[in-house]
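Working notes for the structure below.
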Amino acid sequence: MWMNAFTDTKRPRDFFSNGVPCINPDHVLASHFATFALSKPGNMNQFNFNVTLTNTNNLPGLNTLGLVLARIDIAVNGLVPPHAHPRASEVTILLEGSLLVGFVDTSNRLYTQQLRPGECFVFPKGLIHFLYNTDLMKPALAVSGLSSQNPGAQISSVATFISNPQMPDDVLKKGFK
């Protein structure tokens with residue numbers, strides 16, 4: 001049964017799982033379980049980081065497995081700002097550079113750790129967390145695994161201050177005192 005869940009990106013199918021067409025088990029290939037999507041850094045955004053994700057288009061074997069992999073490139077002094085994944089926990093392993101990582105629990109307690117290459121950190125599902133490259137000479141490279149095929153991501157500051165339509169000023173003034 002599990003083989004029915006692989007995504008067929010070439011042939012139309014009548015069976016869908018997670019909204020993605022499934023591969024006929026007779027057509028499953030080893031290449032459905034491999035990808036080069038994480039092999040190169042992407043373009044940095046205004047926060048000086050880039051996240052490249054696997055998905056069922058670039059790694060069809062992921063369909064129904066409840067997993068996503070992410071390559072995270074963070075420039076010198078760059079920041080993945082406070083954000084949350086409403087549908088997934090995340091584990092991040094640092095490959096290159098130096099990162100200060102942390103999350104805030106529901107009691108507003110901050111947990112932080114300075115990571116060196118080879119070390120990892122877990123961010124519980126739905127909690128606000130960040131990754132900050134503290135190295136002033138070298139970029140950082142990390143890989144994360146997330147526990148959902150569709151983890152979602154919401155950057156706290158963007159959601160709060162750049163919503164459409166905008167939040168009322170009175171709400172922001174009272175909320176942030």
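Values below: all heavy atoms of this structure, side chains included; hydrogens, waters and symmetry mates excluded.
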Original post:
Given the rule in the side chain to side chain contact (heavy atoms under 4.5 Å, CB included) test, do E96 and K138 qualify, once you have shown the distances and angles that lead to the verdict?
Top reply: CA-CA 9 Å; E96 299 174 7; K138 295 184 284 188; over 6 Å; no

Subject >> Stepwise side chain to side chain contact (heavy atoms under 4.5 Å, CB included) test for S144 and I72 >> reply: CA-CA 8 Å; S144 287; I72 306 164; 3.3 Å; yes

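The two atoms that bring A142 and T92 nearest to each other are CB-CG2, 3.7 Å, heavy atoms only. Nearest heavy atom pair, residue F49 against residue P81, reads CE2-CD, 3.5 Å. The shortest non-hydrogen separation linking L53 to L38 is C-CD2, 4.3 Å. When all heavy atoms are compared, the tightest approach of A88 to S148 is CB-CB, 3.7 Å.
We find the CD-OG1 distance between Q154 and T160 to be 7.5 Å, quoted to the nearest 0.5 Å.
Looking at heavy atoms from C-beta onward, L79 lies out of side-chain contact with N48 at the 4.5 angstrom threshold. Side chains of R87 and Q149 form no contact here, defined as non-hydrogen atoms less than 4.5 Å apart.
Follow the hydrophobic side-chain contacts under 4.5 Å out from F123 and you reach I74 in the same cluster. The cluster map of Ile, Leu, Val, Met, Phe, Trp and Tyr, joined by side-chain heavy atoms under 4.5 Å apart, puts L127 and V51 in the same cluster.
Here salt bridge (Lys or Arg N to Asp or Glu O under 4.0 Å) pairs that include residues 57-74, with residues two or more places apart or in two chains, are R71-D73.
Looking at residues two or more places apart in sequence or on another chain, you find a side chain to side chain contact (heavy atoms under 4.5 Å, CB included) between Q113 and V101, L115, F121. Taking Y111 as the reference, F103 meet the ring pair (Phe, Tyr, Trp, His ring centres under 6.0 Å) condition, with sequence neighbours excluded.
Remark: E119 CD is packed, more than 12 non-hydrogen atoms of other residues, nucleotides or ligands lying under 6.0 Å away.
For the side chain to side chain donor-acceptor pair (under 3.5 Å) test with S98, the passing option among N133, D135, T134 is T134; the others fail.
Checked by atom type and distance alone, the side chain of H129 never pairs as donor or acceptor with a backbone atom of P82 at under 3.5 Å. Listed for the S163 side chain is a donor-acceptor partner under 3.5 Å among the backbone atoms of M167.
Aromatic pair F176/F161: centroids less than 6.0 angstrom apart.
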